[in-house]
Q: 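One structure coming up, written as structure tokens, with questions to follow.
Keep in mind the model is a prediction, meaning the values are calculated, not measured. Chain A is the first sequence line, chain B the second, and so forth, proteins listed ahead of strands; every chain is numbered from 1.
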2 protein chains.
Amino acid sequence: MASPTEPRRLALAPTTLARSVEEASVGDAGRAEGALLQVGELARATGKTVRAIHLYEELGLLTPHDRSKGRFRRFARDAVVRVRWISKLQDLGLTLPEIQEVVRAHEESASASHAAAYLRGVYAQKLEETRRKLEQLRELAHELEASLHFLTHCDASCCSTETITSCPSCEHQAAAPAPDLVAGARIH
Amino acid sequence: MASPTEPRRLALAPTTLARSVEEASVGDAGRAEGALLQVGELARATGKTVRAIHLYEELGLLTPHDRSKGRFRRFARDAVVRVRWISKLQDLGLTLPEIQEVVRAHEESASASHAAAYLRGVYAQKLEETRRKLEQLRELAHELEASLHFLTHCDASCCSTETITSCPSCEHQAAAPAPDLVAGARIH
DNA sequence: TCTAAACCTCACCCATACGTAAGAGTTGGA
DNA sequence: TCCAACTCTTACGTATGGGTGAGGTTTAGA
């Protein structure tokens, strides 16, 4: 089940990663000390593709610190944190347009506490959703376990022989009905 | 966050659901006794749309028991189980083409035990994946909780004042670093 | 017989999150 | 100076799971 079309990840960079520290524009918004990152470096650092990074920038989720003379994007170090943040929001089930909303609201909020309150709202809602999803997944896991059990034990011992009345390996006396995951496969 | 474009579910059927029992073709593959279902009835019974049912049929996941004189699809009762089965496989993360594969393999397997073995393989793999997902979701839930805690307590009490050295409400002595979900929102 | 509601078969449309390619420019070490 | 590796922009392609008509037919109750 491995994806047959893996995106071309970047090769190991032969160019020196350590850039002259002077370029790190200490005085500016780049709170991160150290060299700036090219888009490929950021991609490698985050496990994303260059295309994904570009997309995030298009959507306003991420902004390069500046550009080189040749218009190469240069990202501050903490862009790595930002990209990971985006990934986590995706894991939480937010779409990129939804993340756009979060960013917009966060940037437009007047005060820091206002921004914090907004985030709290979003996260509280997502926490609830996540808990619901957890519950659903747990149920699915149980169904899978029951189906596996049925497929290996009950079905083989009970149904293959004709004696439905006694099934030593089944805890329940009644002939165990096939779980939905098993029953559904047999229809048609 | 409610979907603005809800698919038109079917209206309550004014037509009598109870069809003449004679139509139920008792002798045939329809193990289910009772009337056959029209596509809309099947849709209502499963919470799917008619279009979805049609799609499942196109993909070979589902087959109507027969057609009426006017080419209306008529499904056996247990088609409901089949559709629910499809839904559960989707919940497990299988795409419709993947479900196609399962169906194909299941139908092509010579013996029942062979088919069971195949299903076991699929389900065992999905069980592992589900457990991994559970673990990931649990982590996310914890991160959300930590972020909510940080946003309501630590951030307000510690960072708004200038005294970083002592934070009465924080259990850890060190100034609590913002969780990724909080830190990421502040970048740029 | 009439009619509303359901159904039929195309067939095109949608959002999401990138993949992929083309053609050209940039970077930096050798 | 040269070249490989990297990056640029533009723009179309892809997969998934249906949604949404259009235009016509069937059903079944009244």
Q: Just by modelled atom types, is the Leu181(B) backbone N or O under 3.5 Å from a matching donor or acceptor in the Tyr123(A) side chain?
A: yes

Q: Hey, is Glu128(A) close enough to Arg132(A) for a salt bridge, meaning N to O under 4.0 Å?
A: yes

Q: Send over the distance from Phe72(A) CZ to dG28(C) C1', rounded to a whole Å.
A: 11 Å

Q: Produce the list of close N/O pairs, under 3.5 Å, pairing protein atoms with atoms of nucleotides 12-17 of chain D; give distances to one decimal.
A:
| from | atom 1 | to | atom 2 | distance (Å) |
| --- | --- | --- | --- | --- |
| dG17(D) | OP2 | Leu96(B) | N | 3.0 |

Q: Taking only side-chain N and O atoms of Arg74(B), does any of them lie within less than 4.0 angstrom of OP1 or OP2 on dA6(C)?
A: no

Q: Find which nucleotide of DNA chain D each of Glu58(A) and Gly70(B) is nearest to by heavy atoms, and output the residue with the more 5' nucleotide.
A: Glu58(A)

Q: How close or far is atom C1' of dA6(C) from atom CZ of Phe75(B), stated in whole angstroms?
A: 14 Å

Q: Taking 4.0 angstrom as the limit, do Glu143(B) and Lys126(A) come out as a salt bridge?
A: no

Q: In whole angstrom, give the distance that lies between atom CG of Leu42(B) and atom P of dA6(C).
A: 15 Å

Q: Is there a side-chain polar atom (N or O) of Arg71(B) under 4.0 Å from OP1 or OP2 of dT26(D)?
A: no

Q: For the pair His106(B) (side chain) and Ala185(A) (backbone), establish whether a donor and an acceptor sit closer than 3.5 Å, ignoring hydrogens and angles.
A: yes

Q: dT9(C) phosphate, OP1 or OP2: any side-chain N/O from Arg67(B) under 4.0 angstrom?
A: yes

Q: When you check the gap from the basic side-chain N to the acidic O, do Asp180(A) and Lys88(B) get nearer than 4.0 Å?
A: yes

Q: Please pick, from dT26(C), dT9(D), dT9(C), the nucleotide with the shortest atom-to-atom distance to any side-chain atom of Arg73(A).
A: dT9(D)

Q: Going through the distances and angles, do Val102(B) and Tyr118(B) end up as a side chain to side chain contact (heavy atoms under 4.5 Å, CB included)?
A: CA-CA 8 Å; Val102(B) 173; Tyr118(B) 176 79; 4.2 Å; yes

Q: Scan residues 99-106 of chain B against DNA chain D and write down, sorted by residue number, each residue with any heavy atom closer than 4.0 Å; if none is found, say none.
A: none

Q: In whole angstroms, how far is the C1' atom of dA5(D) from the CZ atom of Arg44(A)?
A: 10 Å

Q: Lys69(A) NZ to dC8(D) P: how many Å, rounded?
A: 16 Å

Q: How many Å lie between CD1 on Ile53(B) and P on dA6(C), as a whole number?
A: 16 Å

Q: With a 4.0 Å cutoff (strictly under), does any side-chain N or O of Ser68(B) reach OP1 or OP2 of dT27(D)?
A: yes

Q: Less than 4.0 angstrom between a side-chain N/O of His54(A) and OP1 or OP2 of dC8(D), yes or no?
A: yes

Q: Can you pull the salt bridge (charged side-chain N to carboxylate O under 4.0 Å, His left out) pairs that have at least one residue in residues 107-123 of chain A, sequence neighbours excluded?
A: Arg104(A)-Glu108(A)

Q: Strictly distance-based, threshold 3.5 Å: is any side-chain N or O of Arg82(A) a donor or acceptor partner for the main-chain N or O of Leu61(A)?
A: yes

Q: Taking the side chain as every heavy atom from C-beta outward, state whether Ile187(B) and Trp85(A) have any atom pair closer than 4.5 Å.
A: no

Q: Taking the side chain of Gln38(A) as heavy atoms from C-beta outward, which of dC6(D), dC7(C), dC8(C) is closest to it?
A: dC6(D)

